[in-house]
Amino acid sequence: MEAMNHYPDPSKIREELVQKYPAKVAKKRTKSIIINDPESIPEVQANVRTVPGIITQRGCSYAGCKGVVLGPTRDIVNIVHGPIGCSFYAWLTRRNQTRPETPEHENYITYCFSTDMQEENVVFGGEKKLKQAIQEAYDLFHPKAIAIFSTCPVGLIGDDVHAASKEMREKFGDCNVFGFSCEGYRGVSQSAGHHIANNGVFKHMVGRNNTPSEGKFKLNMLGEYNIGGDAFEIERIFEKAGITLVASFSGNSTVGQLENAHMADLNVIMCHRSINYMGEMMETKYGIPWMKVNFVGAESTAKSLRKIAEYFDDAELKARVEEVIAEEMPKVKAVIDDIRPRTEGKTAMLFVGGSRAHHYQDLFTELGMTTVAAGYEFAHRDDYEGRHVLPSIKVDADSKNIEELKIVADPELYQPRKSEAELEALKEKGLEINGYEGMMKQMMKKSLVVDDVSHYESEKLIEIYKPDIFCAGIKEKYVVQKMGVPLKQLHSYDYGGPYTGFVGATNFYRDIDRMVNNPVWKLIKAPWETAGNPKGAELEATYVTQ
Amino acid sequence: MLLRHTPKEVIAREGLTINPAKTCQPIGAMYAALGIHGCLPHSHGSQGCCSYHRSTLTRHYKEPVMAATSSFTEGASVFGGQANLLQSIETIFAVYEPDIIAVHSTCLSETIGDDLQQITKKAKDDGKIPEGKYVIYASTPSFVGSHVTGYANMVTGIAEQFAQSTGEKKDQINIIAGWMEPSDMREIKKISKELGVKIVLFPDTSDVLDAPQTGKHEFYPKGGTTIEELKSIGDSSSSLALGCISAEPAAIALDKKCKVPFETVDMPIGLSATDRFIMSLSKAAGVQVPDEITAERGRLVDVMTDMEQYFYGRKVALFGDPDQLIPLTEFLLDLNMKPIHIVSGTPGQRFEKRMKEILRRIPEANFRNGLNADMFLLHQWMKNEPVDLLIGNTYGKYIARDENVPFIRFGFPILDRIGHSYFPNIGYSGSLRLVEKILGALMDRQDREALEEKFELVM
């Protein structure tokens, strides 16, 4: 709180951010720029259309569906139905690491598949070409699953990817083929694609294999995409603690794991925005509760592990979790003790994703740094304000066209993992089941919350706050750095990581220390720019003789 | 193995493209528009297009890539994108204050039939374009051609919409850049200066996508062809188009509109193509080639003769864009190497025709372009007939690692190395750099893999 008093009045800043906009645009943007109060959280306008012409960080529905949720599963052949670009741009660019069981096991992540739609396919329809492509993929690879992703023109010309998928699935018999209507124009950002992906994975994969999995404490990790090896670190910790990971949605995952996921007894959610639908649907259909966790930050990791142990309510697990924490923490402490004197008191801004802008604040807190402003790229109000606002969120025209699956309890497989009384008891212990309190509660009073920040606003914020580090993505990276401020990419991690768990926390501490204290930022000006033009000055002939 | 599912046996495909050797039109249009001073590229389609193109260009250049989008939602897709584009134009001029907005279409806006000419006219009629400012456009449907086509279409749009003929010819020559790096464009300007020829180069991304670190973000960096220069291209004595696919269409359009005669030459990659470029430019301007250029050429040939033993018979696979592949293949032959597998996803019969001519000495060479001419096929060819060197964009590194083949990054995009935006690959000195890279790749492998008793000190 005190840290925020060094800055100009936030309401003045808000006015300045929108001053240059045409009146209507300014009015709209003002509702997305909020002065935080964690005690009484104000409403944030989120998940609404970006004004055309505004330079936004956002991408499209296809990016959220294929790029984010489906991309990381290694043994699905993902065919993009459309012109070549959509598949090309999503080819290996999200750094979803994966580790096949053996060198022979399937891994299609390094491949890019497309129907390379041509003008004639747009005019006369592309279904024939799509089916041909599916057949060729089947003949070449014999994969367990083939997923089809619709791009913008597909929806407009009316190609039925679902019918084509069904036809080929039935024809093959041993290959699950399914489609996603994730055309780029659906919704207002990647977020629509997440929802579409959740629906498809739930409908076509989850629940296909009822073999009970081994292990006493079985959970799924939802919304963890193994960027930079994040999931590997969490897997390491789970294994050490004796927790069985049935399936990860979807980092380092396989078709088999996703099909068996409903055999787990708990879903833990990392990225609330991209996967909360899955948690909800599995709760309703199979009776598996979900819980929000955060493995970004060492303290947060410890806290999340304790929450999991509390959920399973097992003395042995609780003891084991404490042992793991006790074993891991000294290594973390050694690093932070060295680094923190160099990062303490510095400031950060985070404008990224739909959960990352929240999660990474924990790491900055551990570094003694203050988050002065933050916002998401494609989140909804519940990610800012907490899930209690869900009933009051108005469903607008852009959200209405995203299918809401009607889920009912499975007559055979529904089995509540916890009774009402047990859930109540957990709640009393402070365990929030099926809930998420959002980002703003954790942020300081008077800090600024900006949804779908524009390029213009970002530059203004940097000018006003002069943060020591700015966190965003590749499109912002070099813009911000040209302003002399280091930018940490929180989608690709600047090709480093992992940043989760205990090892990840130390990686992050070191990276931030390196970035904010790098001497290069002081070398930007040439000596003649700072010391005046040397023209006309006489050289001094000084030398040392020995 | 990273590409463990690629079989040796080649089976013809018609529906499925795997590991494409091309991408879509709009990114080329965006790149071309960045080569105009004070211009903001604008993507008329879904947000994803703009985001993907900016991301890819940013990864390639490690530089800010500014562009805006019409942010289509389902409503716009059903009712047409006119309202979105008009709103965009208003917002952009108010907030980002460019001199020019260069609008390109996408598969989405093309499928629904948005007419950029009509919408732009409406913007003008409605007073949404401030005095002295411009909105230009190019139709770049993603389902036709490739990123190279998109580049050509935007360059054509720039030429058509800016060129004016005053009736008074100017003593200057237009050089229409094919898709090349800022470093290459800088080199073109340097060579022209050495020749003593006054040129207008367009587009020109030097000093835009290789901007210095100054502690200040210049939204519109100092580089790029200026409006004044672009207006003058209609009065130039002639045009030289560097590349038949990416540059010639603009030269034709300019000739049609303002009667500026043109010649198309290959991009000056390698000895022979640079020779032709120098000859054409000196001829068009009526100047003598200065000794310094002849000496620079001599240095390149000198290295080619000194090191000839290392090139002879070495087999090469390459992939990329036609305007680069044509002179590059020719250069490999000048080096006495054997380019045997070549693919380009960009369609067009001229590629095939030129390749046939250039490769007549190597009847066994495989080359294909257009549909299904992808990196998967190239990799399969390499499994059937292995090569000593692979040349192509960053995606080639997966093949190179699996097949243990020396690899040179060349083309677009290069996502994992720097240098392409700073050091040219064209002209004699750029070609010398290419030779250095080829030798380095081949010799590094020899040093790494030679038996201890065969390890050479002097090479």
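Within every chain, numbering begins at 1; the chains are lettered A, B, ... in the order of the sequence lines, protein sequences first and strands thereafter. Predicted, not measured: the structure shown is a model, and the values here were computed from it.
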Please look at [X] and chain A and tell me whether the side chain, the backbone, both or neither of the residue comes under 4.5 angstrom of a heavy atom of that chain.
X: B/Phe93; result: neither
X: B/Ala67; result: backbone
X: B/Pro20; result: both
X: B/Tyr61; result: neither
X: B/Thr56; result: side chain
X: B/Pro212; result: backbone
X: B/Thr6; result: both
X: B/Leu40; result: side chain
X: B/Tyr52; result: both

Using side-chain heavy atoms (C-beta onward) and a distance below 4.5 Å, is A/Asp116 in contact with B/Phe143?
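Heavy-atom side-chain distance check fails, nothing below 4.5 Å.
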
Going by the salt bridge (Lys or Arg N to Asp or Glu O under 4.0 Å) test, which pairs reach into residues 1-15 of chain B, not counting sequence neighbours?
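Only B/Arg13-B/Asp374 qualify under salt bridge (Lys or Arg N to Asp or Glu O under 4.0 Å).
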
With sequence neighbours left out, which residue pairs that include part of residues 42-64 of chain B fulfil the salt bridge (Lys or Arg N to Asp or Glu O under 4.0 Å) condition?
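For residues 42-64 of chain B: A/Lys482-B/Glu63.
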
Would you please indicate if the ring centroids of B/Tyr137 and B/His104 are separated by under 6.0 Å?
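So the answer is no for these two rings.
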
Hey, do the aromatic rings of A/Tyr111 and B/Tyr398 have their centres closer than 6.0 Å?
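A/Tyr111 vs B/Tyr398: aromatic centres not under 6.0 Å.
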
Return yes when atom CZ of B/Arg368 has more than 12 non-hydrogen atoms of other residues, nucleotides or ligands closer than 6.0 Å, and no otherwise.
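No, not enclosed.
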
Relative to chain B, which segment of [X] carries a heavy atom at a distance below 4.5 Å: side chain, backbone, both, or neither?
X: A/Val479; value: both
X: A/Lys128; value: neither
X: A/Ser87; value: neither
X: A/Phe141; value: side chain

Residue, of [options], that accumulates the most heavy atom pairs under 4.5 Å with chain B:
options: A/Glu183, A/Lys24, A/Lys475; result: A/Lys475
options: A/Lys131, A/Glu104, A/Gln132, A/Glu120; result: A/Gln132
options: A/Val485, A/Val480, A/Val122; result: A/Val122

Selection from [options] maximising heavy-atom pairs under 4.5 Å formed with chain A:
options: B/Ala76, B/Ala211, B/Cys50, B/Gly345; value: B/Ala211
options: B/Gly215, B/Pro413, B/Ala68; value: B/Gly215
options: B/Leu415, B/Ile11, B/Asn372, B/Ile27; value: B/Ile27
options: B/Thr73, B/Val78, B/Leu57, B/Ile18; value: B/Thr73
options: B/Ile112, B/Leu2, B/Leu86; value: B/Leu2
options: B/Thr17, B/Thr111, B/Val65; value: B/Thr17

Would B/Glu110 and B/Ser105 count as a side-chain hydrogen bond (donor to acceptor under 3.5 Å, both in side chains) if you check the C-alpha gap in whole Å, the side-chain angles of each, and the deciding distance to 0.1 Å?
CA-CA 6 Å; B/Glu110 289 286 340; B/Ser105 59; 2.5 Å; yes

Check: A/Arg58 side chain, A/Glu377 main-chain N or O, donor-acceptor pair, under 3.5 Å:
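Such a contact is found between A/Arg58 side chain and A/Glu377 backbone.
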
Aromatic plane relationship, B/Tyr96 with A/His455 - under 30° parallel, 30 to 60° tilted, over 60° perpendicular
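Tilted, since the angle between the ring planes falls between 30° and 60°.
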
